[in-house]
Amino acid sequence: MNTQVTIAGVTFQNPVMTASGTFGSGMEYSEFVDLNRLGAVVTKGVANVPWPGNPVPRVAEVYGGMLNAIGLQNPGIQVFMERDIPFLKQFHTKIIVNVCGKTVEDYIEVVERLGEEDAVSMLEINVSCPNVKEGAIAFGQKADALYHITQEVKKHAKQPIIMKLSPNVTDITEMARAAEAAGADALSMINTITGMKIDVHKRRFAIANKTGGMSGPAIKPVAVRMVYQAAHAVKIPIIGMGGISTGEDAVEFLLAGASAVSVGAMNFADPCATIRVLEEIEAYMKRYQIEHITELIGAVQE
Amino acid sequence: MKKKEIALVLSQKEIAPRIYDMWIQTQLAGQARPGQFICVYPRDRATLLPRPISVCEVNRSRDALRIVYRVAGAGTEEFSHYKAQDPIAIMGTLGNGFPVGEAVGKTVFLIGGGIGIPPILELAKEMDAKKQILLGYRDSNTFLREELEKYGRVYVAAEDGSVGTRGNVLDAAAKNCLEAEMIFACGPMPMLRAVKRYAGEKGIKAYISLEEHMACGVGACLGCVVKTKNLDPHSHVHNARICTEGPVFLADDVEI
């Protein structure tokens with residue numbers, strides 16, 4: 001059985017990755033799972049300087065999922081390069097760094113610093129965080145803005161770039177095409193869906209930011225639909241995510257056209273979720289006698 | 001070492017309206033310290049996230065750990081129906097816990113308010129100090145009071161005046177002319193703010209246990225932060241993770 005997948009020339013031992021922001025830089029979860037077994041660790045977003053993030057409450061549970069508005073709290077690229085990268089380098093897994101910024105220049109500064117580090121295999125460009133007022137989402141909701149930042153980042157990036165798309169758009173295929181036309185090497189999708197929860201007893205917003213990004217099993221059908229649409233609109237590979245909690249969920253994304261998958265909110269509900277999803281994918285392959293996992297990519301029958 | 005496991009419910013009973021008292025058989029009991037917490041995972045996937053619940057008491061020789069919690073939503077509602085011998089998914093032990101050793105030989109206040117009272121039990125049990133235990137309740141449902149009386153002098157305050165001093169825990173301290181060299185406290189935020197102010201005025205050290213909505217419980221999601229005076233060790237932005245750097249902080253170090 002072969003679980004290897006290749007995205008933009010980078011080969012991963014299996015398609016299971018971590019969704020940015022749900023797994024830190026792997027340190028916290030290394031007590032629960034063997035990071036050596038993951039296809040890749042996709043890190044929490046890192047900016048050029050430390051970001052304090054949003055006020056609390058930052059998270060709230062909703063039916064079958066959660067809302068978050070962390071606001072990309074992160075220590076900045078300097079600490080990240082000195083602490084998080086050396087930690088991850090100890091493991092036999094690929095490193096994908098999620099990059100965030102408020103201006104194009106911020107993104108470029110981080111991308112150039114990461115270019116110095118050969119251990120980083122790919123960069124995931126976060127243009128879709130719904131919880132940061134300036135930058136971020138502003139680049140991810142208009143096709144021309146997405147085209148522009150993709151092109152600028154691509155000019156300065158040493159590693160292949162993955163543009164992480166927002167689901168909070170009218171037409172996902174338009175965004176996918178814009179990223180591809182501007183030189184993106186891959187897409188990852190979906191980021192969280194903007195939502196809101198009101199505590200009726202306190203008559204207050206459940207999270208301080210009022211709106212938050214929804215994730216978890218409840219959003220999976222939306223994510224599968226968008227991956228399917230994007231996979232038919234572009235030729236570049238897609239990393240699918242959104243509510244994956246089992247191996248069969250992961251296979252659903254592969255069948256819809258994703259080349260790899262990320263486990264996100266489910267890490268919170270089960271700290272061993274990534275490895276469990278991997279084992280369940282392998283069990284699925286065995287059951288249906290799938291020799292190579294790539295046979296599943298886009299293999300849904302019309 | 002943190003571990004997730006399927007443990008076993010040993011017993012459960014309702015000890016006050018909507019307050020449940022559960023003993024769990026778990027390997028985690030051996031490492032549990034007062035002020036630490038565990039995550040309890042609902043079975044119903046509609047309630048996705050684990051519920052952080054403080055350690056109330058441990059019986060290490062029997063591998064037993066006790067939680068006392070209030071039914072506050074769908075997750076805790078589910079737990080309240082668990083019976084003896086039912087499986088229960090838990091992860092722990094989490095957080096730093098109270099620095100029990102710092103109190104040796106001192107005169108201390110152990111302060112618990114409402115559902116912040118349970119962690120005070122194991123703390124009182126393990127602490128070697130002159131313990132004055134101040135408990136704040138809403139009304140006359142004074143759960144855990146008798147058990148705490150075994151480990152120190154207990155003073156009760158109730159918001160409705162039905163028992164003890166009418167008012168809060170600090171009203172009870174004032175009414176009984178109590179003084180302390182150090183404070184350990186867990187309870188609702190307004191109480192903790194009052195404790196922080198009181199400790200500041202008296203110039204004494206206060207350790208307070210905070211709570212905040214959390215998702216992962218292990219320091220990855222950055223959901224449960226508190227503003228800190230000093231740079232936090234994780235993000236260096238004066239936002240410490242309550243689940244990991246806490247839940248117990250020196251009152252002077254946090255902005256609440």
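In what follows, chains carry the letters A, B, and so on, assigned in the order in which the sequence lines appear, proteins first and then strands, with residues in each chain numbered from 1.
- Scanning both residues, B/Ala220 and A/Thr22, for their nearest heavy atoms gives CB-O, 4.2 Å.
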Inset, instruction - Check step by step if side chain to side chain contact (heavy atoms under 4.5 Å, CB included) holds for B/His234 and A/Glu28. - result: CA-CA 11 Å; B/His234 178 273; A/Glu28 291 79 16; 4.0 Å; yes
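- More than 12 heavy atoms of other residues, nucleotides or ligands shown are found within 6.0 angstrom of CD on B/Glu5.
- Looking at A/Val79, only its side chain comes within 4.5 Å of chain B, counting heavy atoms on both sides.
- If you tally non-hydrogen atom pairs under 4.5 Å between each of B/Asp44, B/Val225, B/Val218, B/Asp232 and chain A, the highest count goes to B/Val225.
- The environment of A/His92 atom NE2 is sparse: at most 12 non-hydrogen atoms of other residues, nucleotides or ligands sit within 6.0 angstrom.
- With a threshold of 4.5 angstrom between heavy atoms, B/Met1 approaches chain A through its backbone and through its side chain.
- When atom types are taken as modelled, the side chain of B/Glu212 and the backbone of A/Val56 share no donor-acceptor pair closer than 3.5 angstrom.
- Atoms SG and CZ, on B/Cys216 and A/Phe23 in that order, are 11.0 Å from each other to the nearest 0.5 Å.
- When each of A/Pro52, A/Gly24, A/Ser25 is scored by its heavy-atom pairs under 4.5 Å with chain B, the top score falls to A/Pro52.
- Between A/Arg58 and B/Asn239, the shortest heavy-atom contact is NH2-ND2, 3.3 Å.
- For B/Arg138, the CZ atom sits in a loose shell: 12 or fewer heavy atoms of surrounding residues, nucleotides or ligands are nearer than 6.0 Å.
- Neither the backbone nor the side chain of B/Thr244 comes within contact range of chain A; no heavy atoms are under 4.5 Å apart.
- The environment of CZ in B/Arg43 is crowded: more than 12 heavy-atom neighbours from other residues, nucleotides or ligands sit within 6.0 Å.
- For a residue to count as touching a neighbouring chain, one of its non-hydrogen atoms must lie under 4.5 Å from one of that chain's; by this rule A/Met27 does not touch chain B.
- In terms of heavy atoms, A/Ile70 sits closest to B/Gly223 at CD1-CA, 3.6 Å.
- Shown here for A/Arg83 and B/Pro233, the closest heavy-atom pair between the two residues is NH1-O, 3.3 Å.
- Among the candidates A/Tyr63, A/Phe80, A/Phe32, the residue making the largest number of heavy-atom pairs closer than 4.5 Å to chain B is A/Phe32.
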Legend entry - Working for side chain to side chain contact (heavy atoms under 4.5 Å, CB included), residues B/Lys4 and A/Glu31: CA-CA 10 Å; B/Lys4 188 185 176 200; A/Glu31 286 190 59; over 6 Å; no
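- When each of A/Gly21, A/Ala269, A/Pro50, A/Pro57 is checked for heavy-atom pairs under 4.5 Å with chain B, A/Ala269 comes out on top.
- Within the 4.5 Å cutoff, the side chain of A/Lys44 has heavy atoms near those of the B/Leu222 side chain.
- Only the backbone of A/Asn74 comes within contact range of chain B, judged by heavy atoms closer than 4.5 Å.
- Side-chain contact between B/His236 and A/Gln78: absent, with no pair of heavy atoms (C-beta onward) separated by less than 4.5 Å.
- Of the inter-residue distances, the one linking B/His213 atom NE2 with A/Leu67 atom CG reads 12.0 Å to the nearest 0.5 angstrom.
- When all heavy atoms of A/Phe268 and B/Tyr41 are compared, the pair lying nearest together is O-CE2, 3.6 Å.
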